[in-house]
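Naming convention: chains lettered A, B, ... in sequence-line order (proteins, then strands); numbering from 1 in each chain.
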Protein chains: 2
Amino acid sequence: MFTIGRNTDYASRIVLHLACLEPGARVTAADIASRRLIPSAFIRRIVSRLSAVGVLATVRGSGGGIALARPAAQITLREVVEAFEGPLSLNVCVASPAVCPLAVTCPVQQAWVGATQHLAAFLTGVTFGDLAREIRDPQSVP
Amino acid sequence: MFTIGRNTDYASRIVLHLACLEPGARVTAADIASRRLIPSAFIRRIVSRLSAVGVLATVRGSGGGIALARPAAQITLREVVEAFEGPLSLNVCVASPAVCPLAVTCPVQQAWVGATQHLAAFLTGVTFGDLAREIRDPQSVP
DNA sequence: CGTAATGTTACCAGAATAGTAATCTTTCTC
DNA sequence: GAGAAAGATTACTATTCTGGTAACATTACG
Ligand code: SF4
Ligand code: SF4
């Protein structure tokens, strides 16, 4: 079906949730999990990955929690996607042309390279600052 | 890694091969399989699907083979992709928003809808007529 | 009828997915 | 310092998906 995995989607929920709060607000992972319908035993790994990648800043111990490492306006959807799906590459030969012996003369490869670049550009243009702003209008989510 | 499957890639090789021949040329599947490095026991299902979808016209029996059902210029890469990956949908909520309870207020969904539309538009713009023309220049492939 | 071709189905091994669970480490509060 | 509250890490599992193989069925030419 050619879709992103659940990990990636959950990650975007987490970042979006934080982007909707006051800048710099810190909140526990379990809290986000319950509000955003993320399996509570699952969110740990996701948060861990996001912080390894530099999207989240975490504080351990009692009274700790997670927060955005940077302003939401500087976090792109692409960054979150690539943290879980790896570098964008719509066909195996885009990331590493060597895997296909036909790559040298294959015009389809060029098409996939182009499609990947277009998608990457689109996702780079979507920041969580923009996304959070869209949700402020109708009713603010707890 | 978020890529198309091998089925889809093999399918594009088949269509490209036919697009490089004389218009209307008919050739056996086994021949394409050996020239384009497709597992020979695999190509059957792929050809079958492509013909069910209206991209290929097949002729059974001795002396039969496969050919494009329409001029290559009218066959888009999107069509081939969707024949194997299903309707383009970069996240589950794009194809059917009902699967996610958050969909009604989720701005990320809008982003995925947009990304899917952009990708779809790009792939619609790539026809095998164009692709075949690119390969005629350097050296014609057997 | 025999042969050459596609159509269809069943099957399989290995990988990926989605999720659970248990344990470790850090740090605050009392 | 004890205990509790948090995140970090790892191992495990069940299910599905993927890529591929194999066998058989169907069609058509000669
Ligand atoms: S056949 Fe072309 S598109 Fe397919 S993997 Fe090889 S180079 Fe890429
Ligand atoms: S959270 Fe938003 S993007 Fe994710 S599945 Fe639900 S509607 Fe779609």
Please list each protein N or O that sits under 3.5 Å from an N or O in nucleotides 22-26 of chain D, with the distance.
unit_1: D:dT26; atom_1: O2; unit_2: B:R60; atom_2: NH2; d: 3.4

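Here B:S62 does not reach the OP1 or OP2 of D:dG30: none of its side-chain N or O atoms lies under 4.0 Å away. OP1 or OP2 of D:dG7 has not a single side-chain nitrogen or oxygen of A:S48 nearer than 4.0 Å.
For the pair B:R6 CZ and D:dT21 P, the interatomic distance rounds to 13 Å; values are reported in whole Å. Taking atom CZ on A:F42 and atom P on D:dT10, their separation rounds to 17 Å, with Å as the unit. With rounding to whole Å, A:I66 atom CD1 is found 9 Å from D:dA8 atom P. With rounding to whole Å, A:D31 atom CG is found 15 Å from D:dA5 atom P. Separating the CZ atom of B:R13 from the C1' atom of D:dG19 is a distance of 13 Å, rounded to the nearest angstrom. Rounded to whole Å, the distance from CZ on A:F2 to P on D:dT16 is 23 Å. Here the C1' atom of nucleotide D:dT18 and the CE atom of B:M1 are 14 Å apart, to the nearest Å. Atoms CG (B:N7) and P (D:dT21) sit 13 Å apart, rounded to a whole Å.
Nearest heavy atoms, A:L50 versus A:F84: CD2-CE1, 3.8 Å.
Between the side chains of A:T127 and A:D130, at least one donor N or O lies within less than 3.5 Å of an accepting N or O.
Using a 4.5 Å cut-off on side-chain heavy atoms (C-beta onward), A:L119 and B:L90 make contact. Residues A:I66 and A:S51 form no side-chain contact, since every pair of their non-hydrogen atoms from C-beta on lies 4.5 Å or further apart. Side-chain contact between B:L123 and B:V80 is absent, with no heavy atoms from C-beta onward closer than 4.5 Å. Counting only heavy atoms from C-beta outward, the side chains of A:V126 and A:L131 approach each other to under 4.5 Å.
Position along DNA chain C of the nearest nucleotide to A:G61 versus A:G5 favours A:G5 as the more 5'-ward residue. The residue among B:G63 and B:V47 whose nearest nucleotide of DNA chain C lies closer to the 5′ end is B:G63.
First and last contacting nucleotides of DNA chain C toward chain B (any atom under 4.0 angstrom from a heavy atom, 5' to 3' order): C:dA4 to C:dA10.
For the atom pair B:R26 CZ and B:D31 CG, the distance stands at 13.5 Å (nearest 0.5 Å). Between the SG atom in A:C100 and the CG atom in A:N91 there is a gap of 8.0 Å [rounded to 0.5 Å]. One finds the CZ atom of A:R36 at 9.5 Å from the OG atom of A:S12 (value rounded to the nearest 0.5 Å). Considering NE2 of A:H17 and CZ of A:R35, their distance stands at 5.5 Å, rounded to 0.5 Å.
In this structure, B:R6 forms a cation-pi arrangement with B:Y10, its terminal cationic atom sitting closer than 6.0 Å to the ring centre and no more than 45° off the ring axis.
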Please lay out, stage by stage, how B:E85 and B:R78 fare under the test salt bridge (charged side-chain N to carboxylate O under 4.0 Å, His left out).
CA-CA 10 Å; B:E85 311 288 342; B:R78 176 184 184 179; over 6 Å; no
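Counting any heavy atom pair closer than 4.0 Å across all strands shown, B:Y10 reaches sugar-phosphate atoms only and no base atom.
DNA chain D is contacted by no residue of residues 88-100 of chain A, taking any non-hydrogen atom closer than 4.0 Å.
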